[in-house]
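The structure appears right after this line, and notes come after that.
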Amino acid sequence: MDQPGYWIKYNYLGMEDAPNIITDNREYYVGATVINNLAELQKLISDKHGYIVFDYQSTDGRIDPIIINYIQSNLKLFFYNEINSYSKIWVYQF
């Protein structure tokens with residue numbers, strides 16, 4: 001796709017003292033623009049079209065549960081796969 005897309009802010013490691021991975025409102029590893037909260041996500045969804053991909057790890061309290069609930073309640077589930085209870089992936093379309 002030749003562009004980094006967007007990243008919903010969460011703590012990768014789930015630890016209080018995890019290193020900061022955001023520079024200039026971009027995620028460190030791929031340079032994706034950071035979505036900091038539900039209002040920013042809602043604005044993105046109203047202005048663009050695309051997909052949100054998240055896995056089990058990101059839903060265990062790392063992404064704000066309000067954001068997860070919004071996605072699950074308001075967007076179309078495009079794809080889901082579960083290998084075991086710890087290996088799940090969801091793709092939502094907007």
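Sequence positions, counted from 1, serve as the residue numbers for this chain.
Smallest separation of non-hydrogen atoms from Tyr10 and Arg62: CB-O, 3.0 Å. The two residues Gly31 and Pro4 make their nearest non-hydrogen contact at O-CG, 3.6 Å. Closest approach of Leu75 and Tyr92 over heavy atoms only: O-CD2, 3.7 Å. The shortest non-hydrogen separation linking Val34 to Glu27 is CG2-N, 3.7 Å. Taking all atoms of both residues into account, the shortest heavy-atom contact from Asn37 to Glu40 is OD1-N, 2.9 Å.
Within 6.0 Å of atom CG in Asn20, more than 12 heavy atoms from other residues, nucleotides or ligands are found, so the atom counts as buried in its surroundings.
With contacts defined as side-chain heavy-atom distances shorter than 4.5 Å, the pair Thr59/Trp90 qualifies. Residues Gln57 and Tyr86 are not in side-chain contact: their nearest non-hydrogen atoms beyond the backbone lie 4.5 Å or more apart. For the pair Ile21/Tyr29, a side-chain contact is recorded, criterion being any heavy-atom separation below 4.5 Å from C-beta on. Using a 4.5 Å heavy-atom cutoff, the side chains of Phe79 and Asn81 are in contact. Counting only heavy atoms from C-beta outward, the side chains of Ile71 and Leu41 approach each other to under 4.5 Å.
Among residues two or more places apart in sequence or in another chain, the side-chain contact (heavy atoms from CB on, under 4.5 Å) test is passed with Ile66 by Leu38, Asp64.
Hydrophobic clustering (side-chain heavy atoms under 4.5 Å, transitive across Ile, Leu, Val, Met, Phe, Trp, Tyr) keeps Val91 apart from Leu44. In terms of hydrophobic clustering, with Ile, Leu, Val, Met, Phe, Trp and Tyr side chains grouped at heavy-atom distances under 4.5 Å, Phe94 and Leu77 are assigned to a common cluster. Grouping the Ile, Leu, Val, Met, Phe, Trp and Tyr side chains by contacts below 4.5 angstrom, directly or via other members, places Phe78 apart from Ile45.
No donor-acceptor pair closer than 3.5 Å links the side chain of Asn69 to the backbone N or O of Pro65.
The list of side chain to side chain donor-acceptor pair (under 3.5 Å) pairs with a residue in residues 43-56, not counting sequence neighbours, reads Lys43-Asp47, Asp55-Ser58.
Between Glu82 and Tyr80, the side chains place a donor N or O and an acceptor N or O closer than 3.5 Å (distance only, hydrogens not considered).
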Working for side-chain contact (heavy atoms from CB on, under 4.5 Å), residues Arg26 and Thr33
CA-CA 5 Å; Arg26 298 228 174 242; Thr33 301; 2.9 Å; yes
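The only option from Ile89, Ile67, Ile68 that meets the side-chain contact (heavy atoms from CB on, under 4.5 Å) definition with Phe54 turns out to be Ile68.
Interatomic distance, Ile52 CD1 to Trp7 CH2, rounded to the nearest 0.5 Å: 14.0 Å. Between atom NZ of residue Lys9 and atom CD1 of residue Ile35 there is a gap of 12.0 Å, rounded to the nearest 0.5 Å. From Tyr70, atom OH reaches atom CD of Gln42 across 4.5 Å, with rounding to the nearest 0.5 Å.
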